[in-house]
Trainee: 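Sharing a structure, written as structure tokens. Questions coming.
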2 protein chains.
Amino acid sequence: MKNPRPQHGKRGPRPRQLVTLRDIAREAGVSASTVSRIINGTVKVSDELTASVEAAIAKHDFRPDAAARGLALGRTFTIGVLSQAIDSPFYAEGLRGVERRLLAAGYAALFMSGNWNVADEERCMRKFIDHGVDGIIMFSGCLDNAAVKDFGKRCPIVMTGRHLPVAHTYSLPIKDRLGATLAMRHLIGLGHRRIAFIAGSETHPDALERLAGYLEALQEARIPFDPRLVVRGDWREEGGLIATTQLLEAGRAFTAVFCVNDQTAHGAYLALFRHGLKVPDDVSVVGFDDLPSSSYSLPPLTSVRQSVRVLGERAAEAVLALVAGRRPKVESPPVELVVRDSTRRL
Amino acid sequence: MKNPRPQHGKRGPRPRQLVTLRDIAREAGVSASTVSRIINGTVKVSDELTASVEAAIAKHDFRPDAAARGLALGRTFTIGVLSQAIDSPFYAEGLRGVERRLLAAGYAALFMSGNWNVADEERCMRKFIDHGVDGIIMFSGCLDNAAVKDFGKRCPIVMTGRHLPVAHTYSLPIKDRLGATLAMRHLIGLGHRRIAFIAGSETHPDALERLAGYLEALQEARIPFDPRLVVRGDWREEGGLIATTQLLEAGRAFTAVFCVNDQTAHGAYLALFRHGLKVPDDVSVVGFDDLPSSSYSLPPLTSVRQSVRVLGERAAEAVLALVAGRRPKVESPPVELVVRDSTRRL
DNA sequence: GTGAGATCTGCAACCGGTTTCACAAGACTG
DNA sequence: CAGTCTTGTGAAACCGGTTGCAGATCTCAC
């Protein structure tokens, strides 16, 4: 005699499957294989049987068990998405894009945050593998290439930012340098010569490239580089606040600030505000990323826009292609400068 | 003769499991059950065998297949988390809290966005079920009670905001009304009498409760309610901008604005700015939620704080308890008013 | 009427773990 | 030294889907 299925709360963790494919098969008077075929539409089944099976499915609101299907099929229809912090407005935009695209394809996303440190990133990646994701999207992580390559052996990976020539891996570059020069040319075109730069972390590739763009634009305009106008931030408001305060208190003369990203610019705003300086009357400010909130800052911020949301969508597109065994054919979204009210002609 | 395992890109979607538990067993000269027991520590196994099995595991970097384990165990160690939008700074904070707590417990989170509409929410919930999540966290959804109850039959649910008396369901109320009265009392205490309110959507329970708090505080102070001072927003910057502009252009006299949330307040800021009004000199503004960015708005925003991150952590705590068959013992985080520079005495 | 071909369906073997149960060996008791 | 109790291990049966293969039925042509 078969013992009854374990009930909910007691010991059995889940009530297992309430109703299984074989239950449906029995009820409809067919075999399990037929039910499976009808659900997946893999082979033509007579209308008669289809109808009776569908009736049984509807009656019990049957949904095939994900784990069982995953086991049989060898895929879980889940993609791991690694960002640095889910509550960073920058990454959030990207995740949004990823989510949309994946959902449309019937995939779900497992989001995890690397917190800007290697150990956490590694842990996340490991967890992705353990959860059996079909693919991984990495938003410009700090994991070294060898490690990524290693994970790449277990499942396809799409990276934004970095380029990595590994099989079953795809890279979606971010046009950091170009974006930075756009911002700088804008300021220079308005007559600014003393332009400060609030940088990101010293190791992050995106940060380095943006700095490179800053330098390139200066050189292009034959403006001598003054290292005292470059201060390190931390990608966040706080860093921008501290760095700008530092510049101001050190008495550095500057008429404009280019910030490595919008959050930094918001911090800079506050520092300027506290020192009684007005944007753009006293100092012009340009950001990078064009966060949604930036069009609501006071004054609305001029910023470099490379839609992170679109980047996310494309990354999702690419990872789906990899999973399906196709070669992805997607490009990074275009970069442009969005001019608002935080910059003015000298 | 056994045919070789399918290779990566070609036909088989995934390379299946590179190395299985039975492979390890064979290599270590033991049975599969022993390996399983060693991995999970369910039963004591002799040190000798343990050592040789662990060696084999390490050698091949073996990781048990999630789908297979999920099938056998009846759980997937995955929790579905429904918010309205992953890129909303409000929800992002909550998701962050959820993520932390779940990760610590070895669970992963499947995040999905309901986009403030019932159809999407329902679709998300269905997807959660299809993916076999062990539990669900809903951040104040708009799904009706009956539907939630229905999903509750399939897996445990924790809701924030709403209260729902259903088995295997737990609610974590948000102290909307109390928070709103705190904000209002602050303004009234500063001498304001003409206080506008920018509301949220008309149906959302949180929005209604905050409105109720607004009314309650007015009544408490014996200030007559002027319906023309209440305008509907949409929880976002844009709604705040439009609503405030409307108030200003209709020539309504007011000395303070209480906004249903911080994003709305940021929109209000911009509207006031565009009309040449200064905060707090001309108009005082109070928000709700105390988003991280609010301490960087100009001027820094006075706001009601009920840590959404902590709320997320507690929700995660609760859902883990439910999954384990325990009764959750968690409470909503406290509410307090954070006074910054956007309000002044009349 | 029979054979070839096409179409539909069921059996049974898988996917890769976990767990019940039985059994063997060692530890204790009397 | 027989008998009971513990303890460690393996064989085999699950979990709930998918799918290769073979057999059944039906069509059509000669």
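Please read these numbers as outputs of a predicted model, since none were measured by experiment. Reminder, nothing fancy here: chain letters follow the sequence lines and each chain counts from 1. Heavy atoms only: backbone and side chains are in, while hydrogens, waters and symmetry mates are out.
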Trainee: Just N and O in the side chain of A/S46: are any of them under 4.0 Å from OP1 or OP2 of C/dT9?
Mentor: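 For A/S46, the contact criterion (side-chain N or O under 4.0 Å from OP1 or OP2 of C/dT9) is met.
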Trainee: From the set C/dG17, D/dG10, C/dT9, return the single nucleotide nearest to any side-chain atom of B/V30.
Mentor: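 So the side chain of B/V30 is nearest to D/dG10.
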Trainee: Tell me: CD1 of A/I38 to P of D/dG17, nearest whole Å?
Mentor: 14 Å
Trainee: Between C1' on D/dG16 and CG on A/L73, what's the gap in Å once rounded to a whole number?
Mentor: 12 Å
Trainee: Between B/R309 and B/E313, does a salt bridge (Lys or Arg N to Asp or Glu O under 4.0 Å) hold up when you go through it step by step?
Mentor: CA-CA 6 Å; B/R309 170 165 325 184; B/E313 287 176 5; 5.6 Å; no
Trainee: Could you check how far CG of B/D134 sits from C1' of D/dC15, rounded to whole Å?
Mentor: 15 Å
Trainee: B/D47 has an atom CG; how far is it from atom C1' of D/dT7, in whole Å?
Mentor: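 The distance from CG of B/D47 to C1' of D/dT7 comes to 13 Å, rounded to the nearest Å.
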Trainee: Given atom CG of B/D65 and atom C1' of C/dC14, what is their separation to the nearest angstrom?
Mentor: 14 Å
Trainee: Verify the contact: side-chain N or O of A/R37 to OP1 or OP2 of D/dT19, cut-off strictly under 4.0 Å; return yes or no.
Mentor: no
Trainee: Would you mind reading off the distance between A/H131 atom NE2 and C/dG17 atom P, rounded to a whole angstrom?
Mentor: 15 Å
Trainee: Please determine if a side-chain N or O atom of A/R69 lies less than 4.0 Å away from the OP1 or OP2 oxygen of D/dT18.
Mentor: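 For D/dT18, OP1/OP2 do have a side-chain N/O of A/R69 under 4.0 Å.
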Trainee: For A/F111 and B/L95: C-alpha separation, side-chain torsions, deciding distance, then whether side-chain contact (heavy atoms from CB on, under 4.5 Å) applies.
Mentor: CA-CA 10 Å; A/F111 294 115; B/L95 300 183; over 6 Å; no
Trainee: Can a side chain N or O of B/T34 be found less than 4.0 Å away from OP1 or OP2 on D/dG10?
Mentor: yes
Trainee: To the side chain of B/V45, which of C/dT18, D/dT9, D/dG17 is closest?
Mentor: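 Of C/dT18, D/dT9, D/dG17, D/dT9 is nearest to the side chain of B/V45.
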Trainee: Counting heavy atoms from C-beta on, name the nucleotide in C/dG17, C/dT18, D/dT9 closest to the side chain of B/N40.
Mentor: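 Looking only at side-chain atoms, B/N40 lies closest to C/dT18.
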Trainee: Please confirm whether the shortest side-chain N or O distance from A/S36 to OP1 or OP2 of D/dT18 is below 4.0 Å.
Mentor: yes
Trainee: Let's see if you can work this out: which of C/dG16, D/dG17, D/dA11 has an atom nearest to the side-chain heavy atoms of A/A68?
Mentor: D/dG17
Trainee: Please determine, for the side chain of B/T42, which listed nucleotide (C/dT19, D/dG16, D/dT18) has the closest atom?
Mentor: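 Looking only at side-chain atoms, B/T42 lies closest to C/dT19.
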Trainee: What verdict does the side-chain contact (heavy atoms from CB on, under 4.5 Å) test give for B/K153 and A/D61, after you've listed the backbone C-alpha separation in whole Å, the side-chain angles of each residue and the deciding distance to 0.1 Å?
Mentor: CA-CA 12 Å; B/K153 282 188 206 140; A/D61 192 19; over 6 Å; no
Trainee: Show your working on side-chain contact (heavy atoms from CB on, under 4.5 Å) between A/R327 and A/Y170 and close with a plain yes or no.
Mentor: CA-CA 9 Å; A/R327 224 188 129 64; A/Y170 192 76; 3.8 Å; yes
Trainee: With a 4.0 Å cut-off, would you call A/E99 and A/R96 a salt bridge?
Mentor: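 Yes.
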Trainee: Tell me: CG of A/L71 to P of C/dC14, nearest whole Å?
Mentor: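 So the two atoms are 14 Å apart, to the nearest Å.
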Trainee: Output the single nucleotide from D/dT19, D/dA11, C/dC15 whose closest atom is nearest the side chain of B/S31.
Mentor: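 My answer, after comparing the listed nucleotides, is D/dA11.
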Trainee: A/F62 side chain: which of D/dT19, D/dG17, C/dT18 is closest?
Mentor: D/dG17
